[in-house]
Structures are given as C-alpha cells and as structure tokens.
Amino acid sequence: MQNRNSTAARRASGRRHPLASVALILIGLLTTGGAYALLSTTASAESSSDSSAAITEGQKLFAANCATCHGVNAAGTAEGPSLYGVGSASVDFQMGTGRMPLAFQGPQGAQKPPQFTQTQIDAVAAYIASLAPGPAVPDEKWLDGSGDAAAGLELFRINCAMCHNIAGAGGALTEGKYAPALQGVEAKYIYEAMVTGPQNMPVFSDLNLTPQDKANIISYLKFQQENASGVGGVDLGGLGPVAEGLFIWIFGLGAIVGVTIWITARPN
Amino acid sequence: MAKKDGGSAESELATKDGAVSAGTAVIAAEVFQNPGMPPHHPRATDQDPKKEKAAARRVGGLFLLSVASSIFAIVAYVIFPITPGNLSSVRLNNLFLGVGISLALLSIGIGAIYWAKNLMKDGEWTEPRHPTRGSEETRAAAAEVFKLGNEESGFGRRTLIRRSLIGALVVAPLPAVVMLRDLAPAADPVALLNKTMWAKGVRLSRDPDGTPIKASDVTIGSVFHVIPDNLGDAESRLDEKAKAAVILMRLDPQDLHVSEERKDWNYQGIVAYSKICTHVGCPVALAEQHTHHLLCPCHQSQFDISHEAKVIFGPAKRPLPQLPITVDDEGYLIAQSDFTEPVGPSFWERA
C-alpha cells in the first residue's frame with residue numbers, strides 16, 4: 001500500500017525512477033549497436049561480393065596472424081603446413097572454432113573462442129582459396145538436419161564412431177591427441193571437418209561420403225543430441241561402459257553397504 | 001542349542017577348566033581370550049511405551065504403503081497401456097509399473113527389518129556350532145552297513161562282475177562326448193580362418209552400401225572402410241565380413257616405407273590393411289592422418305601404416321596383414337589375391 005503510494009507520489013512529482021536513466025542508456029546503446037551491426041553486415045556483403053578487396057584484406061590478416069607458422073605465401077614452414085589447396089572450408093573450420101591461431105605448438109590445437117569476426121575469417125578464407133582450389137564452405141541445404149538420420153547412423157558407426165564415440169562424446173587417441181566431442185558443434189563445422197580432415201582426422205571427401213551422406217550424418221548427430229536423454233534414463237555423458245560401471249560401483253555398491261550397515265546396526 | 005542372555009555370556013568354546021573341546025581347531029596356550037558379549041543396552045522402544053507404539057505404527061504404515069503401492073502398480077498398468085508402435089507408451093507403462101512394484105516390495109522389506117530391530121525380542125545370543133563328527137555308534141553302524149553290503153553282494157569277491165561294471169560305467173558317458181564334439185562346426189575351422197573372400201580381381205567396395213571404389217576417389221589423407229564387392233553373395237555375410245573387413249588409406253607415396261617384396265602391393269600410395277587386430281580381433285579403425293598411426297580402441301595397440309602396419313605400441317604381436325591391391329581397366333581398385341597370411345588374432349594351428 002505504502003509502496004503504491006510512493007510510486008504515485010513520484011509520478012505526481014514528475015521524478016523518474018532511479019533505473020530509468022540506466023534503461024535509457026541501454027535503449028540508446030542497443031539502437032546504435034543494432035544500426036551499426038545492420039550497416040556493417042550490409043557492408044560485409046558488399047565487400048564479399050567484391051572478392052578482390054576481400055582477398056587483399058585476407059592477405060593482410062594472414063600476414064599479420066598466420067604467416068609466422070604457415071609462411072609469408074602460405075607455403076608452409078617447419079612450424080606449420082602449407083595451405084595450398086586446403087580451401088575456404090578449412091580456414092572457416094580452423095579459425096571459426098578458434099583452433100587457429102594456435103595457442104601453442106602441441107599434440108593438438110584445442111577448440112577455443114574464435115579470435116576473429118566471421119567477416120575477417122571469410123576474408124582469410126577468400127585469400128587462401130585464391131591461392132589454389134580446395135573445398136569450399138558447404139551449402140546451407142546440407143546443414144539443416146533434415147537428412148535420413150538412420151542412414152546417417154550407419155555411416156557414422158562405420159566411419160566416425162570409433163574415434164568420436166557412438167554418441168559423439170569424443171575419445172582419446174595416441175600421444176595426447178584426442179577426437180573432440182561433437183555434441184553442440186555447429187553443423188557447418190562438422191561438414192567442414194569431414195571434407196577437409198583437420199589436424200589428424202582423415203579426409204572424407206565428397207567421393208567417399210557424398211554431400212547427402214554428410215547431411216545424413218549431421219542429421220543423425222542432431223537427432224541424437226535432441227533425443228539422447230529421452231530414452232534409457234541418464235546417459236552419463238554417453239561414454240559407455242566405463243562411466244556406467246563406475247556409477248554402479250560407487251552408487252550401487254554404496255547403497256548396498258549403506259543398507260547392510262542399517263540392517264546390522266543396533267537401534268537406539 | 002544353548003541360548004544365553006547377553007549380560008552373562010561366556011565363551012562356549014572353552015569349557016570351565018580351560019580345556020578345549022575335541023571338535024574345535026587347535027588353540028595355542030596364549031590365545032586371545034574371548035572377551036564375551038558387550039553389556040546389554042535396552043532399546044528406546046523397550047523403555048518407552050510411547051516409542052514402542054510409534055515404532056509399531058511405522059511398521060504398520062510401511063506394510064500399508066506396500067498395499068497401496070501394489071494397487072498403484074495395477075492401476076498404472078491399466079491407465080498407461082502399451083500401444084503397439086508407441087515407444088513412449090512402453091516407457092510410461094514400465095516406469096509406473098516398476099515404481100509401484102519396487103515400492104511395494106521395498107516397503108515390506110524395510111518394514112520387516114524395522115520390526116525386527118525395534119520391536120522383536122532383543123538380546124545377544126551365542127549359538128555354538130555342533131561337532132561335525134558323528135558319534136562312535138553311528139560310525140560303527142555305517143561301517144557295518146558297508147561290510148554287510150560287500151558280503152551279501154559279493155562285490156569284493158566276484159571280480160568279473162566288479163570289473164565289467166566299472167568298465168560299463170567308464171564307457172557310458174562316451175556318447176555324450178561324441179554328441180558334444182559334434183556341436184562344433186562341421187567344416188575345418190583352420191581352413192576357414194586361413195582364407196577370406198578376397199581373391200584376384202575382387203573389387204574393393206564401400207562399407208556399408210557396397211559401391212566399388214575408384215583409385216581416383218581416394219584422395220591423400222582419406223580413409224575408406226572397405227568390404228569385398230562379392231560380400232553380398234556370401235552364405236554367412238557377417239562371418240565373412242568379420243574376416244574380410246579392410247581399411248584403405250592413401251598416403252603421400254614419399255611417406256610409405258615399402259619393402260622389396262611388397263613394392264607392387266600399393267597403388268600410388270593407396271594401401272589396404274586388414275581391419276582386424278592381430279591381438280584379439282577388434283576393428284582397428286582409429287586412423288590418424290598425419291602420424292599414419294592406426295589405434296585399436298580395445299587394448300591400445302598401435303600400428304604404423306607408413307611402415308607396413310608394424311606394431312609400435314600395445315599388446316599386439318604381429319603387424320596387420322596387408323591386402324595386395326591394384327586397379328582394373330575401369331580404374332576401380334581390385335585385390336591382387338587374398339591376404340597372404342591369416343587375418344586376426346593367433347590361433348593354435350596358425351602356421
């Protein structure tokens with residue numbers, strides 16, 4: 001009651017709520033930011049249509065950020081491989097998932113927050129693609145998860161599951177390398193990884209798995225992630241018998257020990 | 001069966017003068033003395049009638065909960081029927097039926113234990129083990145039975161009967177041995193293990209759809225999982241696939257270290273190896289593009305494809321057998337012959 005009175009009083013006296021100025025600033029920021037984003041996307045669309053400008057921009061970015069390891073002309077050095085023929089798909093995958101630029105030389109470049117905007121990545125991709133032909137960034141129609149999930153499961157089981165785990169939970173490889181988890185990875189990056197074979201992953205070119213096969217695999221992973229916990233209870237990360245065995249050892253045996261103690265303990 | 005109240009408990013094993021009964025094990029003189037039962041503490045339910053009543057109500061409550069849960073299980077079974085083709089109906093049905101039945105049984109168990117612990121007669125008992133040896137009379141009587149039986153039947157005296165009976169008993173299980181032996185596959189397993197479906201001219205095709213692979217399809221760094229083109233004709237497809245599964249990789253020919261006798265076995269850097277681990281036969285399919293290592297997921301055996309699949313780590317003892325390949329007139333990859341050695345793990349008769 002008192003609260004309402006005070007609000008009414010404030011309104012009557014024409015004074016603003018203390019948070020009103022914060023809200024005003026927020027609205028202002030959002031409007032200018034939104035307008036800027038809108039303008040800049042239009043700008044990037046223009047610049048990507050102007051491919052030679054993007055290539056020049058990409059070459060600059062490459063020289064500043066990548067040439068240390070991959071060489072000034074992307075021909076490779078002792079520290080990094082040649083990028084001739086890796087295609088824009090490879091650049092989009094490596095830079096878009098933050099694997100490149102590498103944090104340090106090691107067994108495997110780890111996924112981390114991307115260091116560049118999509119516009120910058122596209123520019124570098126255009127530059128690399130201009131050096132030698134290679135796989136391009138995939139068409140949207142393969143990425144929407146509308147393929148045949150059952151066919152995708154069979155292909156995934158034969159070609160992918162031994163490293164990435166049948167639930168896409170990832171797994172260990174040799175000498176510190178690992179197959180990363182596929183849960184939550186964007187469809188675009190899954191497709192690009194298959195077609196380019198990043199790091200120690202083998203290449204699955206369109207002559208091995210057709211674009212439709214790849215779309216089916218993506219559909220399976222998407223279906224699996226959306227329905228994973230729908231059946232069979234808690235999936236424990238989908239890691240298989242180790243996680244399940246550990247769970248039953250700790251909690252199953254723990255419960256049995258607890259019940260045994262309760263049965264034999266004297267009541268008060 | 002001697003029952004004693006806990007307060008006055010004393011060892012039943014040792015008699016009054018400290019001698020040990022003949023039925024027990026040897027006990028050294030400086031044996032740890034039996035401290036007897038701990039003093040008896042009465043329970044709260046023994047002392048306070050209110051608590052006793054509360055405990056009785058709890059036990060009754062648990063049993064009534066069991067009744068309710070059983071009824072719940074029946075009702076749930078009727079309310080959530082299984083409709084054919086609807087998996088989520090199976091899930092609901094099983095879930096509620098299971099919850100009801102387990103709660104019903106668990107309540108009976110917990111109630112019974114709670115009853116025994118809090119309300120049934122309380123006290124510490126010692127129940128000594130009775131000697132396992134029979135009395136002298138029993139033993140003498142048993143010996144007499146055997147003696148009499150021998151005398152009356154003449155088992156010891158009539159050697160012909162005794163020996164022929166023993167002979168008959170020895171021979172009687174033989175039909176069973178023959179029958180059990182016949183459960184094994186009729187065909188010679190060694191011959192089956194020694195060869196696969198690969199033969200001269202058989203095309204390498206993709207697993208699972210069976211489309212043949214052109215050499216030009218296999219780009220450098222690619223891995224194909226391969227089955228023989230004629231697998232569909234096989235009588236037992238899975239058995240044949242388990243032996244004939246092949247992993248196909250293309251390396252930069254500069255990376256391949258090929259020995260003299262295998263120099264025709266690859267085609268421009270395309271190599272085919274058996275996918276069956278030589279340790280215990282898991283599929284070795286974890287391929288690394290740049291290290292050219294194959295890793296077996298079961299026991300971490302590692303094979304180096306650039307060095308003819310030699311073992312570089314793990315329990316496997318032999319390299320993976322290589323399938324000699326080439327191309328036919330149409331550019332499809334074909335086998336030159338079967339594997340030159342048996343694939344998969346060792347077996348007794350493996351040469």
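Letters go in sequence order (proteins before strands), and every chain restarts at 1.
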Quick one: are H290(B) and M201(A) in side-chain contact, heavy atoms under 4.5 Å? no

Any side-chain heavy-atom pair of L209(A) and F224(B) under 4.5 Å: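 Contact flag for L209(A)/F224(B) side chains = no.
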
[X], [atom1]: over 12 other non-hydrogen atoms inside 6.0 angstrom:
X: K112(A); atom1: NZ; answer: yes
X: F80(B); atom1: CZ; answer: yes
X: Q47(B); atom1: CD; answer: yes

Main chain of P208(B), side chain of E154(A): is a donor-acceptor contact present, judged purely on distance under 3.5 Å?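 Not at all, since once roles are kept as given, no pair shorter than 3.5 Å links the two residues.
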
Please confirm whether the backbone N or O of V223(B) pairs with a side-chain atom of N208(A), one donor and one acceptor, at under 3.5 Å? yes

Would you list the atom pairs, donor with acceptor, under 3.5 Å between side chains in residues 92-102 of chain A and any protein atom, with sequence neighbours excluded?
unit_1 : atom_1 : unit_2  : atom_2 : d
D92(A) : OD1    : Q118(A) : NE2    : 3.0
D92(A) : OD2    : K188(A) : NZ     : 3.1
T97(A) : OG1    : F93(A)  : O      : 2.7
T97(A) : OG1    : R99(A)  : NH1    : 3.0

What pairs with D209(B) under salt bridge (Lys or Arg N to Asp or Glu O under 4.0 Å), at least two apart in sequence or on another chain? none

Give, as side chain, backbone, both or neither, the part of L155(A) having an atom under 4.5 angstrom from any heavy atom of chain B.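 Side chain only.
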
Of the backbone (N, CA, C, O) and the side chain (C-beta and beyond), which part of A172(A) lies under 4.5 Å from a heavy atom of chain B, both, or neither?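 Contact with chain B: backbone only.
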
Against chain B, work out which of I263(A), L207(A), N200(A) has the most heavy-atom pairs shorter than 4.5 Å and name it.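 That would be N200(A).
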
Which answer fits [X], side chain, backbone, both or neither, if we ask what part of it has an atom under 4.5 Å from a heavy atom of chain A?
X: Y114(B); result: both
X: T291(B); result: both
X: I213(B); result: neither

What verdict does the side chain to side chain contact (heavy atoms under 4.5 Å, CB included) test give for R157(A) and H225(B), after you've listed the backbone C-alpha separation in whole Å, the side-chain angles of each residue and the deciding distance to 0.1 Å? CA-CA 11 Å; R157(A) 183 168 57 75; H225(B) 297 273; over 6 Å; no

To the nearest 0.5 Å, what is the distance between CG on N118(B) and CZ on R266(A)? 10.0 Å

Of all the heavy-atom pairs spanning L173(A) and L295(B), show the shortest one and how long it is.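 Between these two residues, the closest heavy atoms are CA-CD2, 3.8 Å.
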
Heavy-atom pairs under 4.5 Å with chain A, option from [options] with the top count:
options: S222(B), A116(B), S216(B), P283(B); value: S222(B)
options: K214(B), H41(B), H293(B); value: H41(B)
options: E288(B), M249(B), K51(B); value: E288(B)

Kindly indicate, with the supporting measurements, whether the criterion side chain to side chain contact (heavy atoms under 4.5 Å, CB included) is fulfilled by T219(B) and F204(A). CA-CA 9 Å; T219(B) 49; F204(A) 295 93; over 6 Å; no

